[in-house]
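Input: a single structure, listed below in structure tokens.
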2 protein chains.
Amino acid sequence: MTEVCKVYEEHLDKILEAQKKLPEEETILEISDFFDALGNPTRLKILFALIEDELCTCDLSNITGLSVSAISHQLRILKDRKIVAYRKDGKNVFYRLDDEHVREILKVALRHMEE
Amino acid sequence: MTEVCKVYEEHLDKILEAQKKLPEEETILEISDFFDALGNPTRLKILFALIEDELCTCDLSNITGLSVSAISHQLRILKDRKIVAYRKDGKNVFYRLDDEHVREILKVALRHMEE
DNA sequence: TCTACATTTGAGCAATTGTGCAAATGTATT
DNA sequence: AATACATTTGCACAATTGCTCAAATGTAGA
């Protein structure tokens, strides 16, 4: 990144203003991780399936038509990013949405697509 | 995907219920594309920079510290997915958020991280 | 302890992504 | 037409991703 264009001086105010209001790098990375987790068809299916009720790994495999292993890999990502939570019950592990924000965002996105 | 676990029969009701409520494959792919576009630090910086005001490619390069080329590549993705819109003015191209939903979702995400 | 089943994990691989570079394309001014 | 500047585009390449397969781990019951 070496280039700087000549409008720099002219737009200086807007640039400084926008720069000042930009969230911190760390926050940007966190939010980016969050959206990145939602930006995959398999993970989205998992999340939409969990909107109503908790489900186990195997249920999610049945619902999505993907291998148990594939689901488990994706669940780990969602778990690491605190998007889903889980509880163990015997041989099963039941997953659920971890946060109301997630439900809210999924709904806004669905609305966004339908309009 | 060959395995089917034995809880299938037992959980059948929940599975069918969840499957029925899952959005269509095409909708899932659209929403996934949408979140995928937000799930990248550079593109997020662009979007947060555009929350208040329109900016040109070069401004966005200055604000983010990335090359004009890198910004332009990312803007194309955001443009293709109808997340930003643009207007041309002489040699400059000014970009802006294309949709209130995007602003709304960015705000919910920011809140999500801060809590 | 042995067996069965649910889940997780690690390796490996094809496919996709994000960036810089260099060249091409717009656009205005002289 | 020639020049200058803003932007876009195609190529290349390292890095990352999502899946399968096979093996490992957890858990319950005989």
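To find a chain, count down the sequence lines: A is the first, B the second, and so on, and within it residues start at 1. It should be emphasised that the depicted structure is a prediction, and the values quoted were computed from it without experimental measurement.
For B:Thr57 and D:dT8, the shortest distance from a side-chain N or O to OP1 or OP2 is below 4.0 Å. At D:dT20, one or more side-chain N or O atoms of A:Ser67 fall inside 4.0 Å of OP1 or OP2 (strictly under the cut-off). For the pair A:Asn40 and D:dT17, the criterion of a side-chain N or O lying under 4.0 Å from OP1 or OP2 is not met.
Base contact: B:Ser72 has a heavy atom under 4.0 Å from a base atom.
The side-chain tip of A:Lys79 does not point at the ring of A:Tyr95 from less than 6.0 angstrom away and within 45° of straight on.
Residues from residues 76-96 of chain A with heavy atoms under 4.0 angstrom of DNA chain C, sorted by number: A:Arg76, A:Lys91, A:Asn92, A:Val93, A:Tyr95. Near DNA chain C, meaning a heavy atom under 4.0 Å from it, residues 15-36 of chain A has no residue at all. Of the residues in residues 42-49 of chain A, those placing a heavy atom less than 4.0 Å from an atom of DNA chain D are A:Thr42, A:Arg43, in numerical order.
When side chains are defined from C-beta on, B:Asn40 does not count as touching A:Phe35, because their heavy atoms never get closer than 4.5 Å.
The heavy-atom pair separating A:Arg81 from A:Asp33 by the smallest distance is NH1-O, 2.9 Å.
A distance-only check finds a donor-acceptor pair linking the side chain of A:Asp59 to the backbone of A:Cys56 [under 3.5 Å].
No salt bridge links B:Glu17 with B:Lys14; every basic N to acidic carboxylate O contact stays at or beyond 4.0 Å.
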